[in-house]
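Fair warning: this is a prediction, and the values are worked out from it, not measured in the lab. Per chain, numbering begins at 1; letters A, B, ... match sequence-line order.
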Amino acid sequence: MAMAWKSICKQSDLVAGAGVAAMVNGEQVALFYVPESEHQVFAIGNWDPLGKANVLSRGLVAHLQDKWVVASPLYKQHFELTSGQCLEETVSVPHFQAKLENEQVYLLLP
Amino acid sequence: MTSTVSFLTTKPHLVVIGNGMVGHHFVEQLIEQSGHQVFDISVFGEESYLAYDRVHLSEYFTGKGAADLAMTDGRLYDEHGIRYFTNSLVTEIDRAEHRLVLQNGETVPYDKLILATGSYPFVPPIPGHQRDNAFVYRTLDDLDAIRECANKVTRGTVVGGGLLGLEAANALKNLGLETSVVEFAPRLMPVQLDDKGGSVLKGMIEGLGVKVYTDTATKEIVAGDDAFHRMNFADGTHLETDLILFSAGIRPQDALARQSGLDIGERGGISVNNHCLTSDDHIYAIGECALWENRIFGLVAPGYAMAKAAVGHLLGHAGVTFMGADMSTKLKLLGCDVGSVGDAHAQSQGCKVFVYQDEISQSYRKMVVSEDGKKLLGAVLVGDNSYYDTLLQYYLNAIDLPDQAQSLILPTMDGAPAALGVDALPATASICSCHNVSKQDIHDAVCNGALSVADVKGTTKAGTGCGGCAALLKKVVDNELLALGVEVSTDICEHFAYTRQDLYNLVKVEEIKSFDALLHKHGKGHGCEICKPAIGSILASVWNDYVLKKEHISLQDTNDRFLANMQKDGTYSIVPRIPGGEITPDRLIVLGQVAKEYGLYTKVTGGQRIDLFGATLPQLPEIWGKLIKAGFETGQAYGKSLRTVKSCVGSTWCRYGVNDSMTMAIDLENRYKGLRSPHKIKFAVSGCTRECAEAQSKDIGVIATEGGWNLYVCGNGGMKPRHGDLFATDLDDATLVKYIDRVLMFYTKTADRLQRTSVWMDGLEGGLDYLKSVVIDDKLGLCAELEARMQHVVDTFQCEWKTTLEDEDALQTFRQFVNHDGDDNNVVFVEERDQMRPATALEKQQLIAKVG
Ligand code: SRM
Ligand SMILES: Cc1cc2nc3c(=O)[nH]c(=O)nc-3n(C[C@H](O)[C@H](O)[C@H](O)COP(=O)(O)OP(=O)(O)OC[C@H]3O[C@@H](n4cnc5c(N)ncnc54)[C@H](O)[C@@H]3O)c2cc1C
Ligand code: SF4
Ligand code: FES
């Protein structure tokens, strides 16, 4: 399927070092803005499959053994920001390519 | 026991009678040394459980189950072809025919026999001792029976004030019974303590509300008037009680030896030699049933040593013999430290004695030294066991005492007792007596790659018996690691090679004001969910900045970031501060109106305030806008900070109140409400000794007295309850506040992250006395600074919600979605008892199915 960059929100909607939630094609997405990382912005699903609530955007961003992760605010499992993979359990959440351009946040979407 | 099992064996048949701690250890040792390839092994135990940890039996009453206490689930036996039979009492040994007879009449042939039958509780033949509701304290079954009875009654009495008796009394107290101890001897713990030590202990135990009758003989037990039993004492007095627990000593279980004509001691016990061989060459006896040089050893460590000796002899390893064992003990009985080392009664020829006694903080210590003053022969400690490890090592290793030997039991000016550096211990020093692990063994284990206490435990088993050696073990392991150049990590996480205390000092001394600055100067990488909130909290404790400032926002856990407590469905709860639990009808109405408007679930909390549940992210600022307008402030239920000051109405209303606990509670709550601390802090203030505010279970507890206020510190409810320690008595208002300022700031400065005051106190070297010396006597010269820091926190208090409502940028972050106005469709409520609650997963499915 053809993929295209789609603008989601302004850079100023993001919070440095933390996450916010966005609605993308009817799905909840967690956007993280990490200025000191190479990627700058990351996007994964907002649904925490272990805590069973839409909360990942409200977790703490951490850098563990060279991986950028978010710790779920409910039960603290870590999800990798680049892949959506959970470090503790064999579950993962969706992940999306994201970029910052002209103070806008873009996701690569079908 | 099934009769189909054949005992026709090809290898010699070795039978172990008794599957207690020592019988089990024997089997383990035998397997470890491949004895299962030499012998066919069968084990018979009378109890319905396989071996379990009797030493920690009392934990059966404090949350552990039989499975937690089990020493094996049988797998070890199965894997090594060892047959085991529970519920199998052996009733007879036929030595001529080399056979055993079981209770069910079956017979079992043996080649070698191990008697590990332990001991049984002695019940004094007082008339009436067989009445119902009278128990002993030895097995899991005993404890089940005691628990069942205790559930139905209110008063319990232990007969016997020895080690076990006091442990049993503690258990009864924990079961909620009004507890008494009746001891025949003139003092408690007559075997271990001298007169003075016994009487200090008695005072301490009575202080905990346990009645102690010493020098009291029970003449008979009859039916009671208002309780189940009545114990009539020899002096004509009596005691009414519902439950009696006999703990009047143990007797070696030597019935089989008597029956089969083995040599036994005059007062019982199966006589054994250094190989633990009895008078019959085919029969060994080990553990509490064995009598060695006319002594019985009622502890587990000597039993393990006997098991080793017997295994050594059976397998032909010469040189492993039993040569007696040290009977030193240290215990916390009903929360009182008691320790006894070597010759506690100073019976050695020509010995000399040092005694230190402090009637104010109730402690007593005695050292027994050799005639020339060079060696320690024994010691007695009551009230503070921090002196024990050092004394024991001097004693066990016959280390020459220092010149001022008495310094070993004197309180030192810097609080911590004079410790013997583990460096000074000889390689042969026994570190763990349960598993006979020496300093050398630990050295070897570390050299072979065991790089942590847990690893060393795994390879040597040190510390896995009674647990009494844990502190010393850690010191030795750390010392060995250090010697190897291995760093002992106390780092908070991979980003900061510092402890929380170090970081606190760095922030303060170098005036560091942000996480990035600290990371840049002293850390590496980018931080994580451990260091970020910890440093966020330190920055807040030291500078008391607004937590949602841009540079702090990413440090905050979700609760702190949104100033509310996240619930399971991602919604939040709202807890306004209600100082002291006092609230006007008008404010109560406001809470009701707001809750109604937003459809919030409403509940009175365990902390005397009102919690409104189910608010979504965007609703939080709206709701707080209304609450603040009505005069409420944030309750900081989300923060590691002061939660509540629980109160009772006190002298204003209550006929017993002796001081105005209400005003004090409100003032204290308002004073400390802004303090960010390593963990949450809770207070309570009670208006009299009836203690309706439960102050003794709080971090800071205040109880009104005729003379002012008594201050308790470092109590805890929650997961591991701890009674607060009485810190100072009859204080006036100003001194009370001064002491609380200092205690809390000292805690904030020195505790680990997420360490409640209770755990901090338990780990504080020098304990309560040390804290008193810092706070009351200003030993560290810190008091002025501690007070100034607290005053700063008090002066710079701001209601975080008020600040947030005035901060446009901060408000932006409370949007549900940055690009969309809708709600989270996973937040679904249903009604229960006229309020809403989160729908369960199943309910959500059904609701969605209905709609779809
Ligand atoms: C709401 C409340 C229960 C209730 O419905 O009444 C409650 C709710 C929570 N308690 Fe509590 N505790 C509440 C009173 C207590 C009490 C009773 C008291 O304070 O007198 C205790 C025992 C006293 C004590 O702390 O010593 C208590 C001991 C705990 C503990 C165990 C702490 C410990 O040291 O063992 C935790 C876990 C922790 O903090 O790590 C905990 C943690 C929690 C958390 C934060 C669990 C969580 O992460 O979700 C809950 C937050 C719910 C929320 O959204 O507000 N709660 N909790 C009570 C709020 C009191 C208030 O007004 O602020
Ligand atoms: C509450 C409590 C607290 C204690 N605290 C400590 C402590 O802190 N430190 C310490 O060192 N020690 C402590 N002890 C003592 C310690 O538990 C014992 O020293 C240890 O259990 C002795 O082990 P054992 O195998 O010799 O005897 P036991 O553990 O008593 O085992 C003997 C087993 O043999 C069985 N048996 C007896 N006769 C027969 C028979 N004819 N046929 C089949 N089976 C039979 C019994 O039913 C029992 O299961 C404590 C004891 C208790 C009860
Ligand atoms: S006891 Fe457990 S379930 Fe109940 S409020 Fe406290 S933390 Fe939550
Ligand atoms: S001394 Fe008992 S476990 Fe080490």
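The CG atom of B/Asn826 lies 10.5 Å from the CG atom of A/Asp48; values are rounded to the nearest 0.5 Å. We find the CD1-CZ distance between A/Ile8 and B/Phe817 to be 13.0 Å, quoted to the nearest 0.5 Å. The CG atom of A/Leu64 sits 5.0 Å away from atom CD of B/Glu494, with the distance rounded to the nearest 0.5 Å. One distance of note links CD of B/Gln816 with CD of A/Gln28; it measures 7.0 Å at 0.5 Å rounding. B/Met566 contributes atom CE, which lies 4.0 Å from atom CZ of A/Arg58 (distance to the nearest 0.5 angstrom). Note that SG of B/Cys528 is 10.5 Å distant from CH2 of A/Trp68, once rounded to the nearest 0.5 Å.
Among A/Val20, A/Val70, A/Val61, the residue with the largest count of heavy-atom pairs under 4.5 Å with chain B is A/Val61. Between chain B and the options A/Ala16, A/Gly19, A/Ala22, A/Ser37, heavy-atom pairs under 4.5 Å are most frequent for A/Ala22. Among the candidates B/Lys532, B/Glu551, B/Gln812, the residue making the largest number of heavy-atom pairs closer than 4.5 Å to chain A is B/Lys532. The residue among A/Leu74, A/Asn54, A/Val55 with the most heavy atom pairs within less than 4.5 Å of chain B is A/Asn54. Heavy-atom pairs under 4.5 Å with chain A were tallied for B/His820, B/Glu529, B/His495, B/Lys550; the largest tally goes to B/Glu529. For the set B/Gly527, B/Cys531, B/Ala841, B/Cys493, the count of heavy-atom pairs under 4.5 angstrom toward chain A peaks at B/Gly527. Of all the listed residues (A/Gly59, A/Gly51, A/Cys9, A/Ala18), the one sharing the greatest number of non-hydrogen pairs under 4.5 Å with chain B is A/Ala18. Between chain B and the residues A/Ala53, A/Gly17, A/Pro73, A/Ala21, the largest count of heavy-atom pairs under 4.5 Å involves A/Ala21.
Around the CD atom of B/Glu806, the shell of radius 6.0 Å holds more than 12 heavy atoms that belong to other residues, nucleotides or ligands. Around CD of A/Glu88, the count of heavy atoms belonging to other residues, nucleotides or ligands within 6.0 Å exceeds 12. Within a 6.0 Å radius of CD in B/Glu831, other residues, nucleotides and ligands contribute more than 12 heavy atoms. The 12-atom threshold is exceeded at NZ of B/Lys513, counting heavy atoms of other residues, nucleotides or ligands nearer than 6.0 Å. Remark: A/Glu103 CD is loosely packed, at most 12 non-hydrogen atoms of other residues, nucleotides or ligands lying under 6.0 Å away. Surrounding NZ of A/Lys99 are more than 12 heavy atoms belonging to other residues, nucleotides or ligands, all under 6.0 Å away. For A/Lys10, the NZ atom is loosely surrounded, since the number of other residues' heavy atoms within 6.0 Å does not exceed 12.
Put simply, the side chain of B/Asp824 does not reach to within 4.5 Å of the side chain of A/Met23, judged on heavy atoms. No side-chain heavy atom of B/Arg561 sits less than 4.5 Å from a side-chain heavy atom of A/Leu60.
Contact of B/Ile530 with chain A is not made at all, since no heavy-atom distance falls under 4.5 Å. Using a 4.5 Å cut-off between heavy atoms, B/Asp557 contacts chain A through both its backbone and its side chain. If you measure heavy-atom distances from A/Lys52 to chain B, the contacts under 4.5 Å come from the backbone alone. For a residue to count as touching a neighbouring chain, one of its non-hydrogen atoms must lie under 4.5 Å from one of that chain's; by this rule A/Ser57 touches chain B with the backbone only. With a 4.5 angstrom heavy-atom cutoff, A/Ala71 touches chain B only via side-chain atoms.
Aromatic ring pairs are classed by plane angle as parallel below 30°, tilted from 30° to 60° and perpendicular above 60°; the pair A/His63 and B/His526 is perpendicular.
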Q: Take A/Asp13 and B/Arg815 through the test salt bridge (Lys or Arg N to Asp or Glu O under 4.0 Å) and record every step on the way to the result.
A: CA-CA 10 Å; A/Asp13 288 322; B/Arg815 289 178 292 171; 3.0 Å; yes
